[in-house]
There are 2 protein chains.
Amino acid sequence: MDEQAPWVQQQADPLVPRDDDLRHAMELLFFAYRDFTGEADAILADYDMGRAHHRAIYFIGANTGISVSELLAILKITKQSLNRVLSTLIDEGYVVQETDDGDRRRRLMHLTPKGRDLEQLVTRRQSAHIARAYREAGLEATEGFRRVLFGLINEADRHRVTPPATPVRT
Amino acid sequence: MDEQAPWVQQQADPLVPRDDDLRHAMELLFFAYRDFTGEADAILADYDMGRAHHRAIYFIGANTGISVSELLAILKITKQSLNRVLSTLIDEGYVVQETDDGDRRRRLMHLTPKGRDLEQLVTRRQSAHIARAYREAGLEATEGFRRVLFGLINEADRHRVTPPATPVRT
DNA sequence: GCATATAAGTCAATAACACTGACTTATTTT
DNA sequence: AAAATAAGTCAGTGTTATTGACTTATATGC
């Protein structure tokens, strides 16, 4: 008796989304994310890197001076997984680490010019993808897109999203 | 000479999104997708399955009678990758294949009751996640969410998204 | 009927990305 | 001085994906 009878399943209240609307949302998320990341993956493959390298480069670029533990909290992977990626990026001169003067246990990371170049190459390509979708959907739709996605993020992690300099609307 | 001078970078035209708005969108996608899929991954781990198994179960459930090649086109993975996952699902009784009477080369797949149960267990949990975000964002925002995500999908694949029975608005 | 194309399945080898658990080193905090 | 924290490292493992070659069965075009 887990199933609802079909004649009461379709809710009149628009604040209670129907099952097929929720399925639709899940599929949109899957396909959009698949195509969005596929673009970056293709570029990174030319550099013998994968998605994990891109994520590290992106978030170090977006958070200059980030520590290893902060980056781990963003990526939600283990230290060992990050280490493999980070070692490569440091060895090949995309990222540098510097000891924090305030707390000498911490290693603050930033991109080298080479790292910045690669980050921008990928980010620009992905930006163009998003910019097109934004233009086609219209300004109001982009605000809704942000609101829903923000709501999908665990509350504890919402503060990690870097907000735009000036909000488009409140 | 790839960079724009900073004093012309901020566009007045709202249809040309700013760089920081696009970065914001990319981060929202990353965090939202991470937390959205994390939920399903956690459930599937109890069944010794991963994300790939879930995707297969989901799309077979959503497209009863789908062929192997159609499923490959949705997942955009190789036949070999799918085969490993599919073999497990068939061996353990979540999925069955039947030869298509019209074209006997094709194997049409559908979920068993056991498969349907698992699919619904995961889908319901994820639905609750989305339903909450939808409710919090409001009806208008959900429409924007859909419009932008749809625009992020490669045009050639947009027809693969199962639309809701009745569109919420046009 | 034969050649070609398509759908599915299979083999072997490989790589990217992730995991667990245990442990060391340096540094800061209590 | 003891405990906690940040980073790094070691060994072993698993999932998801890849490429390339190949087989089988069936359908289609000529």
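Proteins get letters first, then strands, A, B, ... in listed order; numbering begins at 1 in each.
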Any base atoms under 4.0 Å from Ser67(B), or only sugar-phosphate, or nothing? Heavy atoms, all strands. sugar-phosphate
Below 4.0 angstrom from OP1 or OP2 of dT16(D), is there any side-chain N or O of Arg84(B)? yes
Measuring to OP1 and OP2 of dT5(D), would you say a side-chain N or O of Ser69(A) lies under 4.0 angstrom away? no
Aromatic ring pairing Phe36(A)/Tyr33(A), orientation class (parallel under 30°, perpendicular over 60°, tilted between): tilted
Exam field: side chain Arg158(B) to backbone Phe150(B), donor-acceptor pair closer than 3.5 Å: yes
Using the closest heavy atom to pick a nucleotide of DNA chain C for each, name whichever of Gly102(A) or Leu108(B) lands nearer the 5' end. Leu108(B)
Spacing of Met49(A) atom CE relative to dA15(C) atom P, expressed in whole Å: 17 Å
Length of the line joining Ile77(B):CD1 and dT19(D):P, which is rounded to integer Å: 12 Å
Between His54(B) (NE2) and dT16(D) (P), how many Å, whole number? 12 Å
B/S/- along nucleotides 20-27 of chain C (protein heavy atoms under 4.0 Å) is BBB---BB
Would you say Asn83(B) reaches dT10(C)'s phosphate, i.e. side-chain N/O to OP1/OP2 under 4.0 Å? yes
Between dG9(C), dA17(D), dA8(C), which nucleotide gets closest to the side-chain atoms of Gln97(B)? dG9(C)
Just by distance, do the side chain of Asn63(B) and the backbone of Phe59(B) share a donor-acceptor pair under 3.5 Å? yes
Quick check against the 3.5 Å criterion: does Glu39(B) have a side-chain atom that pairs as donor or acceptor with the backbone of His129(B)? no
OP1 or OP2 of dC17(C) under 4.0 Å from side-chain N/O of His53(A): yes
I'd like to know if the side chain of Thr123(B) and the backbone of Glu119(B) have a donor-acceptor N/O pair within less than 3.5 Å. yes
Nearest-angstrom distance from the residue atom CG of Leu82(A) to C1' of dA18(C): 12 Å
Length of the CG-P vector between Leu72(B) and dT10(C), whole Å: 14 Å
Would you confirm whether Arg147(B), through its side chain, and Thr142(A), through its main-chain N or O, come within 3.5 Å as a donor-acceptor pair? no
Among His24(A), Arg23(A), Arg18(A), side chain to side chain donor-acceptor pair (under 3.5 Å) partner for Asp20(A): Arg18(A)
Residue-phosphate contact under 4.0 Å: Arg55(B) side-chain N/O, dA17(D) OP1/OP2: yes
Measure the distance from CG on Leu86(A) to C1' on dA18(C) and round it to the nearest whole Å. 16 Å
